[in-house]
Amino acid sequence: AQSVTQPDIHITVSEGASLELRCNYSYGATPYLFWYVQSPGQGLQLLLKYFSGDTLVQGIKGFEAEFKRSQSSFNLRKPSVHWSDAAEYFCAVGAKGYQKVTFGTGTKLQVIP
Amino acid sequence: DTGVSQDPRHKITKRGQNVTFRCDPISEHNRLYWYRQTLGQGPEFLTYFQNEAQLEKSRLLSDRFSAERPKGSFSTLEIQRTEQGDSAMYLCASSLPGTSDTGELFFGEGSRLTVL
């Protein structure tokens, strides 16, 4: 069974500071990995995804994530956070041909001036 | 607006009543998913459809829950004899045919259910 762990429930960063959100997954085969963002009152939006190839993937809004198979991790990063990045971020794992995507419990990001 | 739409956005009901949620996916998407999200948790998979066929159901979907997609377009999720534990946000998502193996989901804003 696939599972996702997001160890940080809540993170606070200053505007302009760098950000890293942690994600660890458990899956026997090659995973498909995703990061979604959920802003208040809005639906989940895909930030980026990894299927294969280059382990550093670029997404929207200046986000990137790096797949590290040896650590079973897919951490999300952004070099400089903007106040509009305050939201909840979900890491998710899926697999080719398998429709169920499993989400982590989320990390709520607070951005302070 | 051509995104996934859900109706109603909020529903308050008394325990024991039946409720129904509707989801209209993006028009060219042939796969439709229902997820449930409770406070402090990530979305949990409930079920998915390819066209009108319901192909997978989670064990979370008790016999009080039923989902349909009769013409392969919109879908409904009905909860019978609601319980307080059913209080949650019910999320609908759809996916593109060409990338439907990838789990790249387009979500609606959700229908929030409160059972008193």
Side-chain angles (χ1 to χ4, degrees), chain A residues 1-10 21-27 29-53 57 59-60 65 74 76 87-108, chain B residues 1-7 9-10 23-26 29-51 53-61 88-112:
Chain A
Q2 52 197 19
S3 67
V4 178
T5 301
Q6 293 182 250
D8 302 307
I9 297 172
H10 189 271
L21 302 182
R22 296 184 291 167
C23 171
N24 292 95
Y25 70 90
S26 173
Y27 186 65
T30 300
Y32 286 2
L33 295 160
F34 310 86
W35 276 99
Y36 284 83
V37 60
Q38 187 175 38
S39 298
Q42 298 187 21
L44 287 124
Q45 181 184 20
L46 181 69
L47 282 176
L48 49 79
K49 59 184 184 285
Y50 170 80
F51 297 151
S52 64
V57 294
I60 62 171
F74 189 58
L76 182 71
E88 191 154 21
Y89 292 80
F90 293 93
C91 182
V93 63
K96 181 177 174 59
Y98 187 53
Q99 293 308 309
K100 176 183 173 183
V101 174
T102 300
F103 286 80
T105 52
T107 298
K108 187 165 289 187
Chain B
D1 186 7
T2 57
V4 177
S5 64
Q6 294 187 243
D7 183 71
R9 295 290 309 280
H10 303 275
C23 171
D24 287 89
I26 295 172
H29 289 189
N30 70 340
R31 292 195 177 186
L32 185 147
Y33 309 76
W34 285 99
Y35 279 77
R36 182 175 69 185
Q37 186 177 20
T38 53
L39 197 62
Q41 299 297 316
E44 297 172 293
F45 173 83
L46 292 179
T47 188
Y48 95 95
F49 293 83
Q50 180 166 319
N51 299 314
Q54 188 174 18
L55 297 184
E56 188 172 349
K57 292 170 61 174
S58 164
R59 295 175 186 174
L60 293 175
L61 216 62
M89 179 76 85
Y90 290 86
L91 302 172
C92 178
S94 64
S95 68
L96 286 165
T99 59
S100 57
D101 280 350
T102 67
E104 183 174 348
L105 305 174
F106 295 79
F107 281 89
E109 296 178 1
S111 293
R112 182 172 296 283

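Note that the coordinates shown come from a computational prediction; the quantities given were computed from them, not determined experimentally. Sequence lines set the chain letters: A, B, ... in the order given, protein chains first and strands last, and positions in each chain run from 1.
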Item to check | Region of B:Gln6 in contact with chain A, defined by heavy-atom distances below 4.5 Å | outcome: neither

Checklist outcome for this item: Pair count under 4.5 Å, heavy atoms only, with chain B: among A:Gln42, A:Lys100, A:Lys108, highest is A:Lys100

Item to check | Side chain, backbone, both or neither of B:Leu91 within contact of chain A (heavy atoms, under 4.5 Å) | outcome: side chain

Next on the checklist: Regarding B:Glu104 and A:Lys49, does a basic nitrogen lie under 4.0 Å from an acidic carboxylate oxygen?
Outcome noted: yes

Checklist entry - Which atom pair, heavy atoms only, marks the closest approach of A:Phe90 to B:Gly42? => result CE2-CA, 3.5 Å

Item to check | Atom CG of B:Leu39: over 12 foreign heavy atoms under 6.0 Å | outcome: no

Checklist outcome for this item: Residues passing the salt bridge (charged side-chain N to carboxylate O under 4.0 Å, His left out) test with A:Asp8, sequence neighbours excluded, are A:Arg22

Checklist entry - Ignoring hydrogens and geometry, is there a side-chain-to-backbone donor-acceptor pair from A:Tyr36 to B:Phe107 under 3.5 Å? => result no

Next on the checklist: Can you tell me how far apart CG (B:Leu105) and CZ (A:Phe103) are? Round to the nearest 0.5 Å.
Outcome noted: 6.0 Å

Checklist outcome for this item: If one checks every heavy atom of A:Gln38 against chain B at 4.5 Å, the contacting part turns out to be side chain

Checklist entry - Is it the side chain or the backbone of B:Glu56 that comes within 4.5 Å of chain A heavy atoms, both, or neither? => result side chain

Checklist entry - In terms of heavy-atom proximity below 4.5 Å to chain A, should B:Arg9 be classed as side chain, backbone, both, or neither? => result side chain

Next on the checklist: Given heavy-atom pairs under 4.5 angstrom as the criterion, report whether the side chain, backbone, both or neither of A:Leu44 touches chain B.
Outcome noted: both

Checklist outcome for this item: Residue set satisfying ring pair (Phe, Tyr, Trp, His ring centres under 6.0 Å) with A:Tyr50, at least two apart, ordered chain then number -> A:Phe67

